[in-house]
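Heads up: the structure comes next, in structure tokens.
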There are 2 protein chains.
Amino acid sequence: MDEKDMKILNILMREGRKPYTEIAKELRTSESSVRKRVRKMEEEGIIKGYNINIEPSKIGYNVVALTGFDTNPEDFLTVANKLCEFEEVKKVWTSTGDHMIMTEIWAKDGRELSNILFNKIGKIEGIKKVCPAIILEQLK
Amino acid sequence: MDEKDMKILNILMREGRKPYTEIAKELRTSESSVRKRVRKMEEEGIIKGYNINIEPSKIGYNVVALTGFDTNPEDFLTVANKLCEFEEVKKVWTSTGDHMIMTEIWAKDGRELSNILFNKIGKIEGIKKVCPAIILEQLK
DNA sequence: TTTGAAAATTGGCCTAA
DNA sequence: TTAGGCCAATTTTCAAA
């Protein structure tokens with residue numbers, strides 16, 4: 001990890017599909033240099049993968065909620081892993097603070113969110129509290 | 001948006017740099033079909049962009065915090081926009097629930113997080129409360 | 001870093017539904 | 001009118017020197 005690697009990461013964070021040749025041009029270096037650095041960062045686990053940024057509302061997911069969960073301490077890991085299995089649960093973090101588990105959940109509408117939270121997920125053994133915060137807008 | 005578009009999105013969500021030819025092979029369709037569908041979804045704003053997934057700890061960011069902010073109602077938008085300007089603030093959402101603004105903040109260590117939260121950001125006019133929750137692990 | 005071959009992307013044009 | 005097939009030119013990727 002040097003300055004050049006960092007610059008490559010910064011470019012890829014915004015333009016994840018940019019060709020290595022163009023990145024190379026921007027950094028005034030060769031394509032093979034960029035490509036080999038990227039490969040290395042992939043192998044080292046610095047780059048975990050490549051994603052797309054989707055506008056959820058445009059594919060029918062009109063409600064996105066950051067949802068915190070509290071569990072019995074003994075069920076904590078089981079619950080966290082179960083949450084990962086739901087297709088609607090896009091992200092799962094374990095964290096300190098108000099809630100032991102934080103998630104990002106996509107739903108078609110409020111009715112579906114409610115169904116996911118309180119019927120599908122809420123029934124998982126060990127969950128003590130569900131705290132959804134609906135996202136109004138993603139600014140960054 | 002039909003079933004095929006959805007399948008393409010699902011593939012790109014996990015493998016954002018996968019060549020169209022390979023996506024086509026996987027869906028048993030042609031490269032031009034995939035390419036034209038992707039272009040269309042880009043133009044329609046369904047696909048907002050392409051990113052990489054970085055392991056923050058591997059590039060020296062050992063502390064990632066989901067941080068909620070509360071503001072005076074009249075300063076709400078100004079604060080939210082100011083937060084976007086910080087390089088360390090990777091994501092900004094406005095939301096309902098416990099906090100009006102939620103963010104994801106990357107820091108080298110606890111000391112730096114503290115500095116960001118209470119010196120740099122905390123000084124923004126209108127912020128009433130700062131609620132950081134440190135991420136222990138991202139499971140999904 | 002350079003080089004050359006293989007692969008992928010692109011744009012245009014065409015047909016069919 | 002729109003999705004997709006096809007082809008040819010260009011660009012990108014990749015591995016070996």
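Computation of the quantities below employed the complete heavy-atom set of this structure, encompassing side-chain atoms and omitting hydrogens, waters and symmetry-equivalent molecules. We name chains A, B, ... by the order of the sequence lines, and we start the count at 1 in each one.
Rounded to whole Å, the distance from CG on B:L27 to C1' on D:dG5 is 17 Å. We find that CD1 of B:I23 is positioned 11 Å from P of C:dA8, with the value rounded to whole Å. Counting to the nearest Å, the P atom of C:dA8 and the CD atom of B:E26 are 14 Å from each other.
Neither side chain, A:T103 nor A:K91, offers a donor N or O lying under 3.5 Å from an acceptor on the other.
Checking the phosphate oxygens (OP1, OP2) of D:dG4, no side-chain nitrogen or oxygen of B:S30 falls inside 4.0 Å.
A donor-acceptor pair is defined here as one N or O able to donate and one able to accept, closer than 3.5 Å; no such pair exists between the side chain of B:S32 and the backbone of B:K36.
At most 12 heavy atoms of other shown residues, nucleotides or ligands fall within 6.0 angstrom of atom CD in B:E125.
Classification of B:E26 and B:K18 as a salt-bridged pair holds, one side-chain N sitting under 4.0 Å from a carboxylate O. With salt bridges taken as basic N to acidic carboxylate O contacts below 4.0 Å, none links B:E31 and B:K25. Salt bridge annotation for B:E42-B:K48: absent, with no cationic side-chain nitrogen under 4.0 angstrom from a carboxylate oxygen. Salt-bridge check for B:K90 with B:E104: failed, with every basic side-chain N at 4.0 Å or more from each acidic carboxylate O.
Taking every heavy atom of residues 41-55 of chain A and every atom of DNA chain D, no pair lies under 4.0 Å.
Between B:D5 and the options B:K40, B:R39, B:R37, a salt bridge (charged side-chain N to carboxylate O under 4.0 Å, His left out) holds for only B:R37.
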Footprint string (nucleotides 7-17 of chain D, 5' to 3'): B base within contact, S backbone only, - free, heavy atoms under 4.0 Å: -----SBBB--
